Protein chains: 2
Amino acid sequence: MINTSFEQRTERRNRLIGLLRSETYWKTSDLREQLGISQRTLMRELAELKRAGYPIESERGRGGGIRLNGRWGVDRLQLSHHEVVELILSLAIMESLQSPLLTSNLKAIKQKLFQAFPQEQRSAVSNIRKRIMIGSNAGENIVSRYIAPEHALSECIAEAFLEQSCLEIDYQSESGEHTTRVIEAQYILLNWPIWYITAWDHLRESPRMFRIDRIKSARIVNGYFQLKPIEVFIGIYTPYYKSI
Amino acid sequence: MINTSFEQRTERRNRLIGLLRSETYWKTSDLREQLGISQRTLMRELAELKRAGYPIESERGRGGGIRLNGRWGVDRLQLSHHEVVELILSLAIMESLQSPLLTSNLKAIKQKLFQAFPQEQRSAVSNIRKRIMIGSNAGENIVSRYIAPEHALSECIAEAFLEQSCLEIDYQSESGEHTTRVIEAQYILLNWPIWYITAWDHLRESPRMFRIDRIKSARIVNGYFQLKPIEVFIGIYTPYYKSI
DNA sequence: CTATTTATGCCATTTAATGGCACATTAGAT
DNA sequence: ATCTAATGTGCCATTAAATGGCATAAATAG
């Protein structure tokens with residue numbers, strides 16, 4: 001891996017500082033594992049932090065490690081729109097899964113959190129929230145045959161959904177038929193643990209529903225889509241879902 | 001000029017934000033001159049700031065320009081200790097469950113959120129976090145026989161755990177034997193969806209592990225307990241768990 | 001209509017960032 | 001003394017991100 005974007009780099013640095021602050025002493029090998037980077041890169045990052053004035057002390061040799069002295073201020077919490085979506089979605093899913101311990105106040109927590117963000121961000125995120133729906137858990141016989149899609153594929157789908165990009169998918173239906181089509185991911189729906197896309201399908205020029213574990217591959221194609229009115233999809237696929 | 005270092009880039013962004021805050025309204029041509037960059041680069045920078053959640057508004061056409069609205073970032077979060085625990089736990093569970101869509105940044109989000117709470121709260125909550133552990137998902141034959149405990153019972157257990165209160169439980173072991181005993185819930189462990197308590201057992205005066213779905217009833221009894229060193233429990237029950 | 005202003009895609013070019021490796025220094029154990 | 005563990009830095013090949021220029025698009029005011 002070569003290079004990271006400014007965004008990733010910024011986040012990595014914040015995570016590093018957060019880790020340093022969360023424990024009194026660290027071995028650099030543990031830090032690098034936490035961050036998923038090479039030892040060399042970590043050492044560079046630490047050298048830069050020192051140059052920037054962070055009071056990092058270190059000890060070589062057996063039992064050695066590093067420490068961030070004193071208290072160091074942290075900026076106001078800032079989450080991107082996508083991060084807010086992930087946060088709210090996670091809380092909504094946990095609420096729907098109803099684990100017995102320590103999950104009984106999630107609805108209130110979700111509301112409090114969301115209210116703490118600025119209005120502009122709430123508006124932007126709400127437009128995405130309306131397109132994400134959670135239903136009831138999938139039945140056991142469905143789950144037993146379920147295999148989660150691989151990570152890069154899922155990320156591609158998520159990006160197409162969030163950015164409203166058209167997506168070309170290779171799809172295998174339940175009957176085993178393979179098709180390639182361009183779709184607009186207008187909504188995503190979760191019957192835990194299975195995700196569905198309610199899409200406008202360019203192949204059939206009509207609404208269709210796709211299970212993401214049946215998408216064999218996908219790539220974002222040229223072109224963005226506009227959201228269609230919910231009426232296009234209602235009555236067919238979404239009567240029993242609740243948006244997050 | 002091509003590329004800027006992370007350091008220069010960070011400084012440039014801070015200067016941009018500072019400029020935006022120093023005047024109510026800017027033409028982008030003026031901004032770019034101030035920063036010494038091209039119009040294209042500035043537009044990119046502004047697009048990234050918007051994506052990152054900064055409330056930037058803009059107006060096209062004659063007399064147009066951009067504005068940074070007064071408020072960004074998250075208001076001071078007002079959550080109780082228990083709510084913070086629930087929040088962090090939920091994010092940790094979602095992270096471990098690895099749902100394919102929109103859950104790939106939860107580790108970073110969790111860390112950012114936690115850093116946003118006051119230091120005193122972080123200390124208090126950290127002591128609880130160290131006692132909550134997540135392992136791998138339970139096997140299917142375990143899940144198929146699992147019935148979640150009822151709500152009041154779960155709440156009672158959660159309270160005993162959080163408040164470090166002694167708990168009298170009626171327990172039915174796997175072999176069907178019923179016992180009543182007083183326990184100290186030192187740790188709770190999750191193999192999704194099944195919760196376990198690693199406890200100090202007053203009946204046997206030794207460490208024991210209890211599945212909460214096998215707890216038939218429970219009530220908090222007089223007396224609080226002190227946490228015991230992890231060594232009392234290590235090697236028997238907790239070698240493969242990771243605290244949240 | 002023209003002029004102004006924000007906004008974005010595309011492309012060629014450049015260079016900062018990364019990981020791997022070797023070597024240096026320090027501390028602790030034997 | 002040697003060996004191992006741990007922080008620290010130089011060097012290099014590779015590569016992906018960043019930049020500026022240009023064209024085009026959308027919106028507003030006169």
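Everything quoted here is computed from the prediction, not taken from an experiment. Below, read A as the first sequence line, B as the second, and so on, with proteins coming before strands; counting in each chain starts at 1.
Judged by distance alone, the side chains of Gln39(A) and Thr28(A) do bring a donor and an acceptor atom under 3.5 Å apart.
Looking at heavy-atom distances under 4.0 Å, Arg9(B) makes contact with sugar-phosphate atoms alone, never a base. Across all strands shown, Arg32(A) has no heavy atoms under 4.0 Å from either base or sugar-phosphate atoms. Residue contacts for Ile66(B): at a heavy-atom cut-off of 4.0 Å it reaches the sugar-phosphate backbone alone, with no base atom in range.
Contact between the side-chain N/O atoms of Thr41(B) and the OP1/OP2 oxygens of dG20(D) is found at a separation under 4.0 Å. Contact annotation: Ser5(A) does not reach the phosphate of dA17(D) (side-chain N/O to OP1 or OP2, under 4.0 Å).
Counting only heavy atoms from C-beta outward, the side chains of Leu16(A) and Leu42(A) approach each other to under 4.5 Å. At least one side-chain heavy atom of Gln186(A) sits under 4.5 Å from a side-chain heavy atom of Leu227(A). Put simply, the side chain of Glu86(A) does not reach to within 4.5 Å of the side chain of Met94(B), judged on heavy atoms.
Closest to the side chain of Thr28(A), out of dG10(D), dT18(C), dT7(D), is dT7(D). The side chain of Ser38(B) sits closest to dG20(D) out of dG20(D), dG8(D), dT6(C).
One can find a donor-acceptor pair under 3.5 Å joining the base of dG10(D) and the side-chain atoms of Arg40(A).
Here the P atom of nucleotide dT28(D) and the OH atom of Tyr25(B) are 11 Å apart, to the nearest Å. Protein atom CG of Leu46(A) is 13 Å distant from nucleotide atom C1' of dA6(D), rounded to whole Å.
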Contact list (N/O, under 3.5 angstrom) for nucleotides 1-5 of chain D vs protein:
| residue | atom | partner | partner atom | Å |
| --- | --- | --- | --- | --- |
| dT4(D) | O2 | Arg62(A) | NH2 | 3.4 |

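Remark: Arg129(B) is positioned above the aromatic ring of Phe114(B), its terminal NZ or CZ atom under 6.0 angstrom from the ring centre and at most 45 degrees off the axis.
Residues satisfying the side-chain contact (heavy atoms from CB on, under 4.5 Å) criterion with Arg67(A), sequence neighbours excluded, are Tyr25(A), Glu57(A), Asn69(A).
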